[in-house]
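Here's the structure we're looking at; comments come further down.
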Protein chains: 2
Amino acid sequence: MDPHLLRTFVAVLDHRSFSGAAAALGYTQSAVSQHIAALEADLGSRLVERRPVAPTPAGARLLEHAPALLLRLDAARADIARLHQTRPTRLTVACSPAALGATVAGALAELRAVTHSLDVEVRVTGRDAVLADVVAGRADLGFVDGAAAPSDPLPMPDLGPMTTLAAAEETLAVLFPRDHPLAERRAVRLSDLTQAQWIDASDTAVPLDRLRAVCRAEGFRPRIRHRGTDLHGLAALTAAGHGLAALPLPVAAALPGIAAVPVSAPRLVHRTELVHPANPTAPARQLVDLLTTRRLAADAGRR
Amino acid sequence: MDPHLLRTFVAVLDHRSFSGAAAALGYTQSAVSQHIAALEADLGSRLVERRPVAPTPAGARLLEHAPALLLRLDAARADIARLHQTRPTRLTVACSPAALGATVAGALAELRAVTHSLDVEVRVTGRDAVLADVVAGRADLGFVDGAAAPSDPLPMPDLGPMTTLAAAEETLAVLFPRDHPLAERRAVRLSDLTQAQWIDASDTAVPLDRLRAVCRAEGFRPRIRHRGTDLHGLAALTAAGHGLAALPLPVAAALPGIAAVPVSAPRLVHRTELVHPANPTAPARQLVDLLTTRRLAADAGRR
DNA sequence: TTAAATTACGTAAGACGTAAGGATG
DNA sequence: CATCCTTACGTCTTACGTAATTTAA
């Protein structure tokens with residue numbers, strides 16, 4: 001199970017094609033064919049159904065492991081690379097769309113005010129890509145968002161030594177089209193909406209399986225899928241009646257054409273967490289410190 | 001980062017010797033030396049200090065990833081192997097020592113009574129080895145134990161698609177020597193014992209870092225280390241005054257020469273969880289079903 | 001018939017063992 | 001000086017590309 005073979009395996013199933021994967025990876029078709037054959041020989045099962053290209057049951061099992069494995073391999077490499085990097089003058093922040101709210105933007109502004117000649121780059125990507133970027137060292141730190149019980153941490157996959165820090169907690173809201181019967185409500189119960197039409201926008205809004213988990217309920221069946229990280233596009237889909245979506249209230253309230261209604265039950269918040277490697281880069285540590293002291297100040301002020 | 005190279009890397013640091021690792025892995029010293037050199041060239045850092053053999057900082061980082069990576073590689077292989085296995089006539093159960101209490105033993109007995117010609121094997125190992133055995137397919141399922149708040153799950157590392165099931169909850173107890181001042185108490189507060197002398201017996205008793213985690217306190221400093229899975233030996237160490245240990249009360253009460261005192265605060269239980277792959281073998285599923293119906297019966301009886 | 005995967009085969013790189021060479025306690 | 005790691009080198013295996021062959025929509 002050479003990582004190269006796993007990488008081509010994943011690419012083949014992503015592209016649903018041997019030749020497509022070959023082009024993407026810079027191999028010839030033949031090499032890709034040999035890779036898959038080698039993996040299948042090694043594991044003693046057919047992994048890929050050909051024409052059309054699709055995973056066999058064994059291939060499906062392998063697909064549950066291979067991406068995580070490749071990610072952690074990158075994480076190991078990045079962890080070591082961080083050791084002999086010289087103190088960098090650039091801070092790269094990976095961020096999921098709903099995490100880029102006032103708290104995060106404000107903290108970044110404060111950081112730029114405090115530091116001189118610090119080049120800050122913000123990459124807005126899907127939730128999984130944030131973690132992947134941080135873990136593989138393509139970003140110094142990341143902000144991920146999700147729904148959770150108040151002061152409960154978000155679940156994170158185990159990809160090596162990482163530290164998380166609560167960055168913000170906001171009211172969770174549901175996006176309705178303006179003419180929806182519930183749009184005028186002061187609040188809605190999420191558990192009443194399990195049978196509603198939802199938009200599967202796992203990169204942008206709170207993923208539906210997360211809603212299922214925090215509500216401990218089935219349902220939240222998607223009607224349409226939204227790819228990408230475009231909040232306005234998502235709002236447009238909701239406004240046009242394609243389905244509902246869950247977002248933090250401050251973000252949702254600023255979106256045009258929709259009604260944002262706070263969630264009253266179960267008691268949930270929208271949570272943003274900062275995640276960074278256990279051995280962060282210097283500017284990353286600076287931002288972490290800044291957010292920590294901010295939180296301490298806020299906590300003190302609240303008393 | 002070929003898995004073979006990672007494997008020798010781990011072996012070298014385990015054995016603190018190139019030649020020792022070579023013997024263990026069936027290579028020549030030379031091959032091991034070349035493996036390490038190849039890894040170091042690939043990652044661009046020295047990973048191993050020689051004479052004496054020890055990890056460099058970069059090597060230490062890699063050591064946080066390599067074992068998990070290798071384990072998951074085994075997990076992937078085992079997951080696929082389970083697919084084309086024929087319905088087996090043997091059930092292999094991996095079990096940590098404190099998990100093998102009345103509930104687990106009883107369930108196994110019931111299973112043997114119900115099934116004909118089922119060969120059951122129980123492997124008692126350390127906590128981590130239970131997971132490794134299950135994940136790598138050396139056991140059909142495992143029982144792990146630990147301390148937790150009532151009805152809270154034990155934390156599990158993410159090693160792929162796995163299912164856990166609460167198997168038993170028992171009172172948590174601390175082992176004292178008979179002549180200890182607290183030995184006659186009806187109950188003790190764990191939080192009062194952070195400064196006591198403890199035995200580091202992470203394979204057998206509740207690991208000290210787990211106690212720190214559930215108490216949210218520092219302390220529980222080990223005085224002596226106990227390796228292996230021998231409950232009676234552990235009791236002997238405690239009886240001789242080497243230090244305290246935490247175990248489930250039913251197990252602890254049966255040990256000779258010591259006093260077992262229930263823990264009253266923080267509110268904690270000793271928890272045993274069954275862990276099995278998402279695609280379990282047939283007899284594993286049978287045992288899971290048996291335990292589930294048992295729990296349902298117990299829950300019904302309690303009302 | 002044609003797009004697409006497999007097989008055959010040649011070259012070049014890599015992996016491992018043997019054995020000689022260094023370093024270190 | 002003895003132990004243990006490294007380097008040099010020879011052999012065998014493996015990986016990949018080119019090109020011919022087979023397969024399936």
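The chains referred to below are lettered A, B, ... by the order of the sequence lines, with proteins before strands, and numbering in each begins at 1.
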Notebook entry, point to check: Hey, what do you get for CZ (F18(A)) to CD1 (I36(A)), rounding to the nearest 0.5 Å?
Noted result: 5.0 Å
Check: Can you tell me how far C1' of dT3(D) sits from CD of Q29(B), to the nearest Å?
Finding: 9 Å
Next item on the list: Can you sort out which residues in residues 43-57 of chain B have a heavy atom within less than 4.0 Å of DNA chain C? Ascending by number, please.
Entry: R51(B)
Item checked: Euclidean distance, atom CD of residue E40(A) to atom P of dA5(C) [Å, nearest integer] -> 13 Å
Item checked: For S96(A) against V124(A), the heavy-atom pair lying closest together -> C-CG1, 4.4 Å
Notebook entry, point to check: At under 4.0 Å between heavy atoms, what does S33(B) touch on the DNA or RNA strands: base, sugar-phosphate, or nothing?
Noted result: base
Check: Nearest 0.5 Å, what's the NE2-OG1 distance between H15(A) and T8(A)?
Finding: 12.0 Å
Margin query: Side chains of R210(B) and L154(B), heavy atoms from C-beta outward: is any pair under 4.5 Å?
Written below: yes
Next item on the list: Would you give a per-nucleotide map of nucleotides 12-20 of chain D, 5' to 3', where B means the base has a protein non-hydrogen atom under 4.0 Å away, S means only the sugar-phosphate does, and - means neither?
Entry: ----BBBB-
Check: Under the salt bridge (charged side-chain N to carboxylate O under 4.0 Å, His left out) criterion, do D140(A) and R90(A) qualify, and how do the steps go?
Finding: CA-CA 9 Å; D140(A) 298 296; R90(A) 150 177 289 212; over 6 Å; no
Notebook entry, point to check: Within a radius of less than 6.0 Å around CZ of R227(A), do more than 12 heavy atoms belonging to other residues, nucleotides or ligands occur?
Noted result: yes
Notebook entry, point to check: Within the side chain of E218(B), is there an N or O that forms a donor-acceptor pair under 3.5 Å with the backbone of T194(B)?
Noted result: no
Notebook entry, point to check: Contacts to DNA chain C from residues 7-16 of chain A, heavy-atom cutoff under 4.0 Å, which residues?
Noted result: none
Check: With distance as the sole test, does R7(B) use its side chain to make a donor-acceptor pair with the main-chain N or O of L70(B) at under 3.5 Å?
Finding: no
Next item on the list: For the residue pair V288(A) and P280(A), establish whether any side-chain heavy-atom pair is separated by less than 4.5 Å.
Entry: no
Check: Okay, side chain of E40(A), backbone of L47(A): is any donor-acceptor separation there less than 3.5 Å?
Finding: yes
Checklist line | L39(B) CG - dA15(C) P separation (whole Å) | finding: 11 Å
